[in-house]
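First the structure, in the form of structure tokens, and then the observations on it.
Hydrogens, waters and symmetry mates are skipped; everything else that's a heavy atom, side chains included, is used. Throughout, numbering of the chain's residues begins at 1 and tracks the sequence.
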Amino acid sequence: MELWIKEDFQDLELNEFPYDRQHSALGEYHHFIHKGKYGNWYDPISLHQWRSLDGSWLVTERNGKRFLEQNRGDQSKNAFANVYCCLINKNKVYAPYILEFDIRLFELAHFCGMAFCYTTSRNYYAVGINGKEIALYRRVEENFDFIARKEFIIDDTKTYHFKISVSDHTLVYVDGELVLEGDMIFTSGLFGCVAKSACRYSDIQVWFEKKNWKSHIEKKQTEKNRIEKKRKEYPQLKCLYKISLQNFGTGRQLRIAMVDHKPIFLMAQHQKRMIRDSFARLSCLTAFTLDGEVLWQIGEANSCDDNTLISCDLPFQIADWNNDGRLEVIYSMDFEVIIIDLLTAKVLKRMPTPVIYQDENVKNEPYYRLNVDAIRLADFEGLGYKGDFIIKDRYQNVWAYNHNMENIWRYHHKNTGHFPYIYDFDGDGKDEMFVGYDMIDHDGKMVFSLPMNSDHTDEIIYAKLREKDPKRLILASGNEGVNIVNIDGTIFKHNEIGHAQRISVAKYNSDVEGLQICATAFWGSDGIVCMYDYKGDLLYQMEQQSNGNVITPVNYDGKHILCLLHSGTDGGLIDGNLDKVVLFPYDGHPTLCCEVYDIDEDGIDEILCWNQKELWIYKSEKATVSERYEKYPDDSFSNYRGEYLLPIEKQ
């Protein structure tokens, strides 16, 4: 027998395992490494229901021996009722093995035990015990399929020794006695602690029989060789620019526009008011060039965390609002909507935001006038350009305004989500709005409403996924999952993924018909990345061991379209098989935020990486002439928009 892993938690702090102490949504599109020692473990679960509660895992000690405790009990409910606390070992296992551990239950209501053949926090096999039984089961999304189970009455004062022989025919021993066995499909994967009640783990070990040890090493090396061979097919990333952000740097609150074939960057800072991130005040706008020259600044800059890190959009966009050939900035500050010239900051037009005091359709808003949550340009009137706009509150209402800043209609029905999708869906020359689960005509009338009511839609794409298919809506709708919807309001495909957070569409895999959909999950199951085909059928899935995965498509070198995760050590760019084929160099670059933009207009994308202090810009060191793709319009930036690279249809 070969002993591979002997885990006694000595390399962890005698403290809570690192976690987001605010249980915030910042990790949806910011890459954070929370302070503390991780050892060989990662925690893939984040959940807003745990706000004001401590971490899920605690390293403790008695008589010189370290223990790992599930420190949360059962604190997940409703749509998250099946969220189990997980602490997963980073070492992948490629062949049948023996997994041993000791466990003591401090509470007996729910299963506690060990997962194996683990792909994601929603896809694994496990052995668990509670106060009444022991079970070998498989979890796939929300389904728990029991392979074997039997009555098993435990003593809560006793520590039990488990030995699990993990293979196609798995054997489960407790204190040396065979208590369960069952057939399963052995797959390579991770292992880790999975528990929904308070319990204590110790002495985790992984053993191999000699033949399986040899197989494990060989398969691990084969996998390493396969990835290394793939990576050699791609040019490396090269840093082109390093820009000091002085004191005006921020989180993922960046807008970009091209003026005379050169990029102009616009960054926003904020101040939080009233309730966490719900009513932030836009406090500083700074326009600057690729050389770092500041063109103008509105407000006083302060790059502290409180002014730069926020889990929502800030209300500002760049667009040619008046169709004069020059770009403007439309933004909201201090209960006004203001339009200024992009290059000079000269004020062109302004209006007060609507009065919401005693408005029956506005709940829990603390101000007399609307504190704008987001802005988007539109053409509801058939102007031929986007001279109209919408403003919204957080999840309840949308107000539409014409080019004279006159209110023309208002939406109030279901949860609005963060960022409505504006498009001329019916081809009448006037834009419609898809918001949350509803399609709204250019005059504010309801076209259809999807049979969904929980949570809200975070990201929306409207695209043709195969040449001979119609365009469809692709939605990342939180607890409602990933959905493909026909333009008549019928649902074409529904996929569970957990809390669907982000989506993108591109030709990620040249060997698969049509375009592919990439999606991520966040709340309750952070880090899951899924790749679907044009029908919405799952092709591949994996789990990132880190947050902040933006999954933005990148025209990398003119030959390959890749998907950007983030710029940290666990990030990089993946292909259509979810293999990390391009990694960022170890050069000290910022990793908090990243974005994709073609700043030199050559058709090849640059990757922007920044934090509050500096902005670095990367590009493939080699590229060929590329075909052009349709991308999300520059006048509609948002942290809640599905990104895409679509082939431009030939006329």
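Every residue two or more places apart in sequence or in another chain was checked for a side-chain hydrogen bond (donor to acceptor under 3.5 Å, both in side chains) with Asp43, and none qualifies. A search for salt bridge (charged side-chain N to carboxylate O under 4.0 Å, His left out) contacts involving Lys507 returns nothing, not counting sequence neighbours. Asn212 pairs by the side-chain contact (heavy atoms from CB on, under 4.5 Å) definition with Ala95, Pro96, Phe208, Glu209, not counting sequence neighbours. Residues passing the salt bridge (charged side-chain N to carboxylate O under 4.0 Å, His left out) test with Lys163, sequence neighbours excluded: none. For Phe106, there are no ring-ring contact (aromatic ring centres under 6.0 Å, His included) partners at least two apart in sequence or on another chain. The ring-ring contact (aromatic ring centres under 6.0 Å, His included) search around Tyr173 returns none, not counting sequence neighbours. By the salt bridge (charged side-chain N to carboxylate O under 4.0 Å, His left out) test, Glu595 pairs with Arg252, sequence neighbours left out.
Judged purely by distance below 3.5 Å, without hydrogens or angles, the side chains of His161 and Asp175 never pair a donor atom with an acceptor atom. Defined by atom type and a distance below 3.5 Å, a donor-acceptor pair is missing between the side-chain atoms of Tyr395 and Asn415. Looking only at atom types and distance, the side chain of Thr119 has no donor-acceptor partner in the side chain of Glu543 under 3.5 Å away. Using modelled atom types, one finds a donor on one side chain and an acceptor on the other under 3.5 Å when comparing Asp313 with Ser638. Under 3.5 Å, the side chains of Gln70 and Tyr201 contain no donor-acceptor pair of N or O atoms. Checking His34 against Asp20 by side-chain atom types alone, no donor-acceptor pair falls below 3.5 Å. Looking only at atom types and distance, the side chain of Glu7 has a donor-acceptor partner in the side chain of Trp41 under 3.5 Å away.
At most 12 heavy atoms of other shown residues, nucleotides or ligands fall within 6.0 angstrom of atom NZ in Lys132. Within 6.0 Å of CG on Asp168 lie more than 12 heavy atoms contributed by other residues, nucleotides or ligands. Within a 6.0 Å sphere centred on NZ of Lys37, heavy atoms belonging to other residues, nucleotides or ligands number 12 at most. Counting heavy-atom neighbours within 6.0 Å of Ile153 CD1, excluding the residue itself, gives a total above 12.
The side-chain heavy atoms of Leu539 and Tyr532, taken from C-beta on, include no pair separated by under 4.5 Å. Within the 4.5 Å cutoff, the side chain of Ile33 has heavy atoms near those of the Tyr38 side chain. The side-chain heavy atoms of Asn71 and Ser56, taken from C-beta on, include no pair separated by under 4.5 Å. The shortest side-chain heavy-atom distance between Cys112 and Ser197 falls under the 4.5 Å cut-off. With contacts defined as side-chain heavy-atom distances shorter than 4.5 Å, the pair Ile45/Val83 qualifies. Using a 4.5 Å heavy-atom cutoff, the side chains of Val174 and Phe152 are in contact.
A donor-acceptor contact shorter than 3.5 Å links the side chain of Asp575 to the backbone of Leu578. Under the 3.5 Å distance criterion, the side-chain polar atoms of Thr457 are matched with a main-chain donor or acceptor of Gly436. Here the side chain of Asn549 pairs no donor or acceptor atom with the backbone of Tyr29 at under 3.5 angstrom.
Sorted by first and then second residue, the salt bridge (charged side-chain N to carboxylate O under 4.0 Å, His left out) pairs involving residues 96-124 (not counting sequence neighbours) are Arg122-Glu141, Arg122-Glu142. Within the structure, salt bridge (charged side-chain N to carboxylate O under 4.0 Å, His left out) contacts touching residues 512-524 (residues at least two apart or in different chains) are Arg466-Glu513. The side-chain hydrogen bond (donor to acceptor under 3.5 Å, both in side chains) pairs that include a residue from residues 179-190 are His169-Glu181, His169-Asp183, where partners are two or more places apart or lie in different chains. The stretch residues 531-542 participates, sequence neighbours left out, in these salt bridge (charged side-chain N to carboxylate O under 4.0 Å, His left out) pairs: Lys493-Asp537, Lys535-Asp537. Sorted by first then second residue, the salt bridge (charged side-chain N to carboxylate O under 4.0 Å, His left out) pairs that include residues 71-85, not counting sequence neighbours, are Asp74-Lys196.
At a threshold of 4.0 Å, the pair Asp469-Lys464 does not count as salt-bridged, since none of the basic side-chain nitrogens sits closer than that to a carboxylate oxygen. In this structure, Arg226 pairs ionically with Asp579, as a charged nitrogen and a carboxylate oxygen lie closer than 4.0 Å. Ion pairing between a basic and an acidic side chain is recognised when a charged N comes within 4.0 Å of a carboxylate O; Asp145 and Arg138 show no such pairing. In summary, Asp393 and Lys363 do not engage in a salt bridge, as defined by a charged side-chain N under 4.0 Å from a carboxylate O.
Expressed to the nearest 0.5 Å, how far CG of Asn639 lies from CZ of Arg502 amounts to 6.5 Å. Atom OH of Tyr160 and atom CG of Leu105 lie 9.0 Å apart (nearest 0.5 Å). To the nearest 0.5 Å, atoms CG (Leu26) and OG (Ser46) are separated by 11.0 Å.
Closest non-hydrogen pair, His30 versus Cys593, comes out as CD2-SG, 3.5 Å. In terms of heavy atoms, Cys117 sits closest to Phe186 at SG-CD1, 3.7 Å. Across every non-hydrogen atom of Cys312 and Asp277, the tightest pair is SG-O, 3.6 Å. Listed here is the closest heavy atom pair of Phe191 and Ile88: O-CG2, 3.6 Å.
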Exercise for the section: May I have the step-by-step check of side-chain hydrogen bond (donor to acceptor under 3.5 Å, both in side chains) for His566 and Ser546, ending in yes or no? Expected result: CA-CA 9 Å; His566 57 71; Ser546 54; 2.8 Å; yes
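A parallel orientation is assigned to the rings of Phe162 and Phe101, their planes being inclined by less than 30° (bins at 30° and 60°). Ring-plane geometry between Trp50 and His23 is classed as perpendicular, the angle between the planes exceeding 60 degrees on a 0 to 90 degree scale with a lower cut at 30. A perpendicular orientation is assigned to the rings of His48 and Trp523, their planes being inclined by more than 60° (bins at 30° and 60°). By the 30° and 60° cut-offs, the orientation of the rings of Tyr632 relative to Tyr421 is perpendicular.
Aromatic pair Tyr94/His216: centroids less than 6.0 angstrom apart. Checked against the 6.0 Å centroid threshold, Tyr462 and Tyr423 count as a close aromatic pair.
For the pair Arg200 and Phe67, the distance from NZ or CZ to the six-membered ring centre is under 6.0 Å and the angle to the ring normal is within 45 degrees.
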